[in-house]
Amino acid sequence: MLEFTEGNATARVTLFVEVVLPLAISKTYTYRVPNGWNADIAVGKRVIVQFGKNKVYSAIIYRVTDRPPELYEAKYILDLLDDSPIVDDVQLRLWDWISMYYLCALGEVMQAALPAALKLASETKIVAATGSSATDRSALNDKEYLILDALDISSELKVSDIVKLLGQKTVFPLLKKLFDKGLILISEEILPKYKPKMKVFIGLHDDYADDLGRKLLLDSLGNAPKQQDAVLAYIQLSRQYPKVPKADIMEASGCSSAIMAALVEKGIFTVEERAVSRLDGEDVEIAGDFTFNDAQSKAFDKIKGQFATKDVVLLHGVTASGKTQLYIRLIEEAVANGSNVLYLLPEIALTTQITERLRLHFGNKLGVYHSRFNDNERAEVWHKVLNNEYSVVVGARSAVFLPFRALGLVVVDEEHETSYKQFDPAPRYHARDTAIYLGHIHGAKVLLGSATPAIESYYNARAGKYGLVELKQRFGNSRLPEIVTVNISEESRKGTMLSYFSGTLLQEMEHALDQQQQVILFQNRRGHTPLLQCKTCGYIAKCIHCDVSLTYHKSSRKLHCHYCGFSEDPIQVCPACGSTHIESKGFGTERVEEELETLLPNARIARLDLDSTRGKHGFDRVLNAFDEQRYDILVGTQMVAKGLDFGKVSVIGIINADGLINYPDFRAYERAFSLLAQVSGRAGRRNSNGKVIVQSYAPSHRIIQQVIENDYEGMFMTEVTERKHYAYPPFFRLFKIDVKHKEQQAVYDAAQRLAASLREGLGQRVYGPEAPLVGRVRNHYIYSILLKVERAGISITKVKELVKVTLLYFEANKANKGVRVQVDVDPY
DNA sequence: AGCACGCCGACT
DNA sequence: GTCGGCGTGCTC
């Protein structure tokens, strides 16, 4: 370790800092510390640095050294923003891990980790140089004149303002010319965005502290009734709060701010401005007790037992078994031991309910953090976590980045939820896996909880990597809705099927509608017809890129590829044999909707799938309309499970469960099953007479029936794994690589070589590549290269190393000139 | 991520 | 002949 204390010999050393810039650059950059700043420099503090020609960023100090860089002259740090570090060593280790594991730049992790308010906004400002006179301007062209004219009116302009002013994009050369001529100054202004919310509190002067003093005071204000009212309001309110907000007094007494000011002037009221929380419900009483039932007590002891030897425990507890109470007890214990606790939830919508419940137990020691909060609020939570003011933090995905001081426990609720994975901007991290690593560096225990564990977690638990605790007994009287299985084959024989609906389902739906109740129908396919086949020669309309069948969409009257987005006009004539006998096979949500319209003409039907929810708030709009009962029936894909609880739903129909259990992708199957559990769990919780109707064909019908009879949650997966009902190797890892290139052939070559290289390291367990076209930007084609790797026995670290090595090889080999590869490795 | 430099085609 | 598009490379 280096010593940088002032006063001894080392104080004279010139320090250099490596910083992380909030950009997608893989390197760190080294800057020079100005003289005399050494004592204030520390890892995790923010500095302002110039990067490139005229850009200024706030960066995080990543490392401190006294070795000057050899190959270049380091620029100076422009400013130091923090008195104490805003991220600690543990976090930087987490950032390192994320950038390694998810193959992204450290700066991208920083972008995701820090709330925007802590990242500072840099805005280039243009001001007129002093002393530039009118005579200087005669030699200028129109544009230059325009800029200076505008600067006369408003003292400073942003670069973006000048872009608007001139109506052209490239203003930098122009500004540079003006700058060189000494007519303008380009200044970089850093504006800290985070401002704590201030509130004015009123106190009473010490002279009036006791009852006598107050009486005298009130008497003395006899000829100022309004002021008297204000003082009375203060006395009243001060019984409730130690400090009384000014606004509350004004509201209670109906006084204006002039009257308040008069009282302050007289020295009766004292004023104090304090930073207050922007978050509500800070002062809630800690209450709400409960006792465990037998099953819960056992599970609780078992979890603690498992934690003795394992860092991660999977709690597999059926719906309504009281998992939350187990979490609360565990959290209480951890807090009692002086630890921080992180409680992760997959969705913001769920935080409110759980927060209410946890607030009863932890009061204002509970923090909430998610992306719907604005910057100020997020920065505030960040600072409070940093100052260790919260014992427990409830949050969505991004909460794993908070600067915990002494993390002792992480609870990942609904750990199977796919929304824990961030997809679009890098870092493409999975919050559950990141939380496990976070727990690891903190030496904290991690509890994963779910009624329907993710396949990989379940596998890890059964393989002994995680502990496994099961909680099968339901809590109290809560029960699941009645589940009715319908054998479609049988009903077909009897002739009671009407279109895709069994007599049983139709009856239940009609009954529900009669009672002003609602219905949800689940169909795991979007579009109208998923397969068009020539009856004469067997030709199937397929995507020209992806080799998957094209789905007919009624709404667009086109055939669509659900894989890459390709679309074309529907075929009327078979391109292979010229026959006009084109057969429609299968059905999607659009078709279900269409059939319903004829079967139940009076019902109001809404559709919830990727197509009906296009647009900004499409999803919420459909769900809200359904919740407000503007529709009777909701037909949808797995999206329907993402909705909130609907009080009026009494019937849930799974139109065809075969599609779920025979699905060739194990994860899709698992997801669909979990959906069944969730949807029915919801119906049961809110509507005790709810019914779930599961339709399926004869062979799978028996399995479905059996599983449901055996308390279906989570069991299905075990059943299938053990019975080898499933024809494919069960575990896969998936690689998705975006490649930009003008020439399509080079992309295939790149994919082939990547696959070949992986195969070299992993044997024949690499399948692919498939390289469907996923989009086009100008003359760039963007492909997604998919490689499936059989999961068993391969460590993800090894796979990633290989991918990295291969990519380096690409970069080094200029035969691939122009191929840009972006990698997203999924840790499944 | 920006931004500059440099190379090509299409215009006053 | 110059303007401006895009490909490429660099930023401490």
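So you know, we letter chains A, B, ... as the sequences are listed, proteins then strands, and number each from 1.
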(Q) Whole angstroms only, please: what is the CG-C1' distance between A:Leu106 and B:dA1? (A) 15 Å

Q. If we only count heavy atoms from C-beta on, is the A:Val87 to A:Leu114 side-chain gap below 4.5 Å?
A. yes

Q: Indicate the ring-plane relationship of A:Trp97 and A:Tyr437, choosing parallel, tilted or perpendicular according to the 30° and 60° boundaries.
A: parallel

Q: Count the heavy atoms belonging to other residues, nucleotides or ligands that lie under 6.0 Å from CZ of A:Arg405, then report whether that count exceeds 12.
A: yes

Q | Nucleotide B:dG2, atom P - distance to OH of A:Tyr29 in whole Å | A | 14 Å

Q. Could A:Arg67 and A:Phe16 be counted as a cation-pi pair, given that NZ or CZ must be under 6.0 Å from the ring centre and within 45° of the axis?
A. no

Q: Return the value, rounded to whole Å, for the distance between atom CD1 of A:Ile61 and atom C1' of C:dC12.
A: 14 Å

Q: Classify the nucleic acid contact of A:Leu21 as base, sugar-phosphate or nothing, counting any heavy atom under 4.0 Å across all strands shown.
A: nothing

Q: Can you tell me the distance, in whole Å, between the CG atom of A:Leu78 and the P atom of C:dT11?
A: 18 Å

**Q.** Distance in angstrom units between A:Leu23 CG and C:dC10 P, rounded
**A.** 17 Å

Q: To the nearest Å, give me how far apart CD1 (A:Ile25) and P (B:dC3) are.
A: 13 Å

Q. Phosphate oxygens OP1/OP2 of C:dT11: is one of them under 4.0 Å from a side-chain N or O of A:Tyr57?
A. no

Q) For the pair made of NZ in A:Lys75 and P in C:dC10, what is the distance, rounded to whole Å? A) 16 Å

Q. Touch check for A:Tyr31, heavy atoms < 4.0 angstrom, all strands: base, sugar-phosphate only, or nothing?
A. sugar-phosphate

Q: Check the distance between C:dC10's P and A:Glu73's CD and give it to me in whole angstrom.
A: 20 Å

